[in-house]
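Lettering of chains follows the sequences in order, A, B, ..., and the numbering in each one begins at 1.
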Protein chains: 2
Amino acid sequence: MTNTTPTRRQQLRLDTTAEIKRVALALLAEGGPDAISLRAIAREMRMTAGALYSYYGTRDELITALTSDMYTSLVDKTEAARDAHPAEAPAARLLAWGEAFRSWAVANPAGFRLVYGDPVRGYKVPEVGAAPEAASRACAGLTGLVAAAWPLQDQGPQEEYTWDDFDPGLADLIKTKFPDLPPGAVALALRVWGRMHGLVALEVYGHLGSQAKDPARLYRAELRDLARSLGLKD
Amino acid sequence: MTNTTPTRRQQLRLDTTAEIKRVALALLAEGGPDAISLRAIAREMRMTAGALYSYYGTRDELITALTSDMYTSLVDKTEAARDAHPAEAPAARLLAWGEAFRSWAVANPAGFRLVYGDPVRGYKVPEVGAAPEAASRACAGLTGLVAAAWPLQDQGPQEEYTWDDFDPGLADLIKTKFPDLPPGAVALALRVWGRMHGLVALEVYGHLGSQAKDPARLYRAELRDLARSLGLKD
DNA sequence: TCAAATATTGAACGCCGTGTAGTTTTCATA
DNA sequence: TATGAAAACTACACGGCGTTCAATATTTGA
């Protein structure tokens, strides 16, 4: 209830909570998702596995927290890369976003799996929380990129979309952020998302690297083609 | 060594081996990837877990076998769908391939995860095996689709690719199957693969369904756009 | 029929997540 | 400063997991 500085006890608790995540991330990076076990974390911290239960109600809860962190870190990276280019260069912003997406994924394959894979059995994306927030940011960011290209859009015969075709929360977010954008732009943004996701997912899961020597080059070509097909000239 | 009909004992062994896979697939379909446990399979078959070790050297070996089966089943489906259309309708063949890909994935999400994602906790993808064969078939199939569009290709300034840019096995396969195709077509095929993969992966892992009400429609639009961008008219 | 080959068991080992009961530590207040 | 409650932590138990291995049961061929 109080907004004062945390007591020593609260501070220690926060520190320990953070350390658990830090250790879990280290285990994740070094041994893959399966290396995250409460017992391993406890061992590393010279605690008992049971003691962790006063910080996270369950292992899945911890992994959810990790996933949120990862997602936020990813979105931070992509948005920063995008915003390094001015609004007058929408193509560069799109390419930067995509390249940052892939770079992050390649640098943090385990994190990518946490976010876009299926880390926890029976884990349902919670209604509220940091992960959905990051997902919304990602979606909105992509829609922004598409919005910059929307006036130039000529994707053949336009399909007709309604706001009802999308999640209400997402629809509201887009409507407030981009009042002039029709719902079809959201559909296009989701497709763009898929297009950026595809090659990266294949690569992270080892299906691309065994076929092509330079996945980065393929991805760059795909991004350029995407920008071109959106009507953005570089 | 002998090519005669198997002895009764050999037959039983084959039957049991097949039954193990069948039970594992049932568990997979019904309880998700984590439901595949040797103990559960053994329980279902009224055996001991240890007894399974005379059929599969390890749990991962069994999962590898399952993955191969799944991959083969997927490729069978896509090729059949594609071949339902004549060579004179390359656009239809491409669309059919893609739609079959998504249909299979949506119908067998667990199988899709086995093949393209995080299969089972603790499972490490082996370096070589039967799965690569299915992967080659898939790649070759896609390259065939791209080959049909290659003469029409005008993807802006052509990038220069060498056969060295790809896995030697894949390169050889393509060179014998499509002697006139330049290596750049393989790069395009891989990109097409990624494009078809992206939305499906997002959907199977639940990231798309929470945002859009009708992922199938999005995917169809993406496929049409893909065909269009390849120069294929429907 | 009998011995060799094969199939299966059952118990063990060391992991794991998860509870619970009891013990130690910390800290605000009397 | 002493005290009692809250918080942190340990110890242990339970069941599940993959895996190994000696012992046993079953089938097979001679």
Write down the distance between CG (A:Leu38) and P (D:dC17), rounded to a whole number of angstrom. 18 Å
Starting at CZ of A:Arg59 and ending at P of C:dG17, how long is that distance when rounded to a whole Å? 6 Å
For nucleotides 27-30 of chain D, give me every protein contact, N/O to N/O, under 3.5 Å, one pair per line with atom names.
from, atom 1, to, atom 2, distance (Å)
D:dT27, O2, B:Arg9, NH1, 3.4
D:dT28, O4', B:Arg9, NH1, 3.2

Report yes or no: does A:His207 contribute a side-chain atom to a donor-acceptor pair with the main-chain N or O of B:Val115 at less than 3.5 Å? yes
Expressed in angstrom and rounded to an integer, what is the separation of B:Leu52 atom CG from D:dT20 atom P? 13 Å
Is the backbone N or O of A:Asp60 less than 3.5 Å from a side-chain atom of A:Thr64, with the two atoms forming a donor-acceptor pair by type? yes
Tell me whether the side-chain N/O atoms of A:Thr58 come closer than 4.0 Å to OP1 or OP2 in C:dT18. yes
Does OP1 or OP2 of C:dC16 have a side-chain N or O of A:Arg43 closer than 4.0 Å? yes
Separation of C:dC16 P from A:Glu44 CD (nearest whole Å): 12 Å
Is any side-chain nitrogen or oxygen of A:Tyr55 closer than 4.0 Å to OP1 or OP2 of D:dC9? yes
Please give, in whole Å, the distance from D:dA23 P to B:Tyr53 OH? 21 Å
If I take atom CZ in residue B:Arg39 and atom P in nucleotide C:dA12, what distance separates them, rounded to the nearest angstrom? 13 Å
Which nucleotide in the set C:dT9, C:dT8, D:dC9 lies at the smallest distance from any side-chain heavy atom of B:Thr48? C:dT9
Can A:Arg217 be said to sit on top of B:Tyr161's aromatic six-ring, NZ or CZ under 6.0 Å from centre and within 45° of the ring axis? yes
Look at all strands and tell whether A:Ser37 reaches a base, only sugar-phosphate, or nothing, counting heavy atoms closer than 4.0 Å. sugar-phosphate
Whether B:Asp165 side chain and B:Thr162 backbone form a donor-acceptor pair below 3.5 Å: yes
What is the nucleic acid contact for B:Tyr56, judged by heavy atoms within less than 4.0 Å: base, sugar-phosphate only, or nothing? nothing
Looking only at atom types and distance, does a side-chain atom of B:Thr48 sit under 3.5 Å from a main-chain N or O of B:Ala51, one as donor and one as acceptor? no
Whole-Å gap separating P (D:dC17) and CG (B:Asp60): 16 Å
N/O donor-acceptor pair under 3.5 Å between B:Arg113 side chain and B:Gly32 backbone: no
Over 12 non-hydrogen atoms of neighbours within 6.0 angstrom of NZ in A:Lys213: yes
Integer-rounded Å distance: D:dA8 C1' and A:Met45 CE: 12 Å
NA contact type, B:Thr16, heavy-atom cut-off 4.0 Å: base, sugar-phosphate, or nothing? nothing
5'-most contact on DNA chain C: A:Ala40 or A:Gly57, nearest heavy atom basis? A:Ala40
